[in-house]
Amino acid sequence: MRSVALVFLVGAIAFIFAECNSEGDTLYAWKSYLIDPNNVLQTWDPTLLNPCTWFHVTCNGQNSVVRVDLGAANLSGTLVPQLGTLSNLQYLQVQNNSISGEIPSKLGNLTKLVSLGLENNQLNGPIPSSLGNLKSLRWMRLDGNKLSGTIPISVLKLVYWGNLQLLNVSDNQLAGTVHHANQTGFATTTIIQDLIA
C-alpha cells in the first residue's frame with residue numbers, strides 16, 4: 001500500500017513539474033519574439049526548474065503562472081498564440097510598450113483571466129471574437145493601439161453576462177457604436193470608445 005502511495009506522489013510531483021516546465025517553455029518561446037533592449041527578461045532562463053523565480057512572473061501555490069507583468073518595459077515584438085496555453089493565467093499586463101501585430105485568437109483560451117492590459121502598444125487588426133470566452137475578465141484595456149473593425153458581439157456580451165467592469169477600446173481605428181443601457185440586474189460597466197471612428 002505504501003509503494004502505491006509513493007508511486008502516486010512521485011507521479012503527482014512529475015505532473016506539476018511538467019506543467020511548470022511547459023509554462024516556462026511557453027514564456028521562453030514568447031521571449032524569442034520580443035526585443036528587450038533593457039534586459040528586463042534576463043532572468044527568463046529555460047534551464048531553471050520552473051518560471052516562478054523569473055522576474056515579472058508570479059505563480060500560485062502549485063507553481064503555476066498566474067501573472068505576467070511587463071508594463072512599460074520598453075519591449076517590442078509580438079504576442080504569440082502559445083500564451084493561450086497558460087491555463088491558470090489571471091493577469092496579462094503588457095501595457096505601454098511597442099508590441100505590434102495582431103492579438104492572437106488563442107488568448108480566448110485564458111478562461112481564468114481577470115485583467116487583460118494591452119493598452120498603448122502598436123497592435124493592429126481586429127479584436128478577436130474569442131476574447132468573448134473570457135467570462136472571468138473584469139478589466140479589458142485595448143486603448144491606444146491601431147485595432148480596426150468592430151467590437152465583436154461576443155466581447156460586448158461580456159458586459160451583459162460576464163463580470164467585465166471596464167472595456168476601454170478608445171484611440172484605435174474601430175468602427176461602429178456601442179449602445180449601453182444600464183438595466184436592473186446587470187453590473188455597471190464602463191465602456192470607453194471613440195465617438196467617431
Side-chain angles (χ1 to χ4, degrees), residues 17-60 63-134 136-137 139-149 151-152 154-155 167-169 171-174:
F17 284 140
E19 183 176 352
C20 293
N21 287 338
S22 69
E23 291 181 334
D25 291 344
T26 293
L27 292 174
Y28 190 72
W30 182 28
K31 178 184 176 181
S32 69
Y33 285 86
L34 295 173
I35 298 168
D36 178 19
N38 298 337
N39 289 321
V40 297
L41 304 176
Q42 64 183 343
T43 62
W44 289 29
D45 182 350
T47 64
L48 297 177
L49 185 61
N50 65 52
C52 300
T53 58
W54 298 358
F55 289 159
H56 313 289
V57 175
T58 305
C59 293
N60 61 17
N63 289 325
S64 184
V65 175
V66 293
R67 289 187 73 116
V68 176
D69 294 290
L70 290 170
N74 198 26
L75 297 172
S76 57
T78 60
L79 300 172
V80 294
Q82 295 95 313
L83 290 171
T85 65
L86 300 174
S87 58
N88 291 307
L89 193 65
Q90 297 175 18
Y91 294 84
L92 179 58
Q93 306 296 137
V94 292
Q95 70 277 5
N96 302 315
N97 284 291
S98 297
I99 304 296
S100 58
E102 296 191 359
I103 300 172
S105 62
K106 295 288 187 186
L107 294 189
N109 294 339
L110 301 174
T111 56
K112 294 185 180 176
L113 205 63
V114 173
S115 178
L116 179 61
L118 303 179
E119 70 268 29
N120 299 319
N121 279 289
Q122 297 175 16
L123 295 165
N124 57 41
I127 298 172
S129 61
S130 61
L131 297 186
N133 298 332
L134 306 179
S136 299
L137 201 62
W139 303 284
M140 185 187 301
R141 296 177 179 92
L142 306 176
D143 48 299
N145 282 288
K146 300 175 182 176
L147 300 172
S148 58
I151 303 172
S154 59
V155 171
L167 171 60
N168 191 341
V169 294
D171 194 19
N172 277 290
Q173 299 165 8
L174 297 167

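In what follows, every heavy atom counts, from backbone to side chain, and hydrogens, waters and symmetry copies are set aside.
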Fill in: Gap between atom CZ of Phe55 and atom CH2 of Trp44 - 0.5 Å precision
12.5 Å
Practice prompt. Begin from the C-alpha positions of Ser154 and Ser129 and carry the test side-chain hydrogen bond (donor to acceptor under 3.5 Å, both in side chains) through to its verdict.
Written response: CA-CA 6 Å; Ser154 59; Ser129 61; 4.7 Å; no
Worksheet entry | Ser64 side-chain N/O to Asn60 backbone N/O, donor-acceptor pair under 3.5 Å | no
Worksheet entry | Sidechain-backbone polar pair: Asp36 side chain, Asn39 backbone, donor-acceptor under 3.5 Å | yes
Worksheet entry | Closest contact, heavy atoms only, Asp69 versus Gln93 | OD1-CG, 3.5 Å
Item to complete: Answer whether the closest heavy-atom distance between the side chains of Arg141 and Ser115 falls below 4.5 Å.
Response: yes
Response to the item:
Nearest heavy-atom contact between Pro51 and Val65 is CG-CG2, 3.7 Å
Worksheet item: Would you say the side chain of Val169 lies within less than 4.5 Å of the side chain of Leu147, judging by non-hydrogen atoms?
Response: no
Worksheet item: Is the backbone of Thr47 close enough, under 3.5 Å, to the side chain of Asp45 for a donor and an acceptor to pair up by distance?
Response: yes
Discussion item. With side-chain hydrogen bond (donor to acceptor under 3.5 Å, both in side chains) as the criterion, how do Asn121 and Asn145 come out once you've worked through the C-alpha distance, each side chain's angles and the decisive distance to 0.1 Å?
Written reply: CA-CA 5 Å; Asn121 279 289; Asn145 282 288; 4.8 Å; no
Discussion item. Could you report the tightest heavy-atom contact between Pro128 and Ile103, atom names first, then the distance?
Written reply: CG-O, 3.2 Å
Worksheet item: Checking Asn97 side chain against Ser76 main chain: does a donor-acceptor pair fall under 3.5 Å?
Response: no
Discussion item. So which atom in Trp30 and which in Thr78 form the shortest heavy-atom distance, rounded to 0.1 Å?
Written reply: NE1-O, 2.9 Å
Practice prompt. Report yes or no: does Asn172 contribute a side-chain atom to a donor-acceptor pair with the main-chain N or O of Leu142 at less than 3.5 Å?
Written response: yes
Worksheet entry | Test item: Lys31 side-chain N/O and Leu41 main-chain N/O as donor-acceptor pair under 3.5 Å | yes
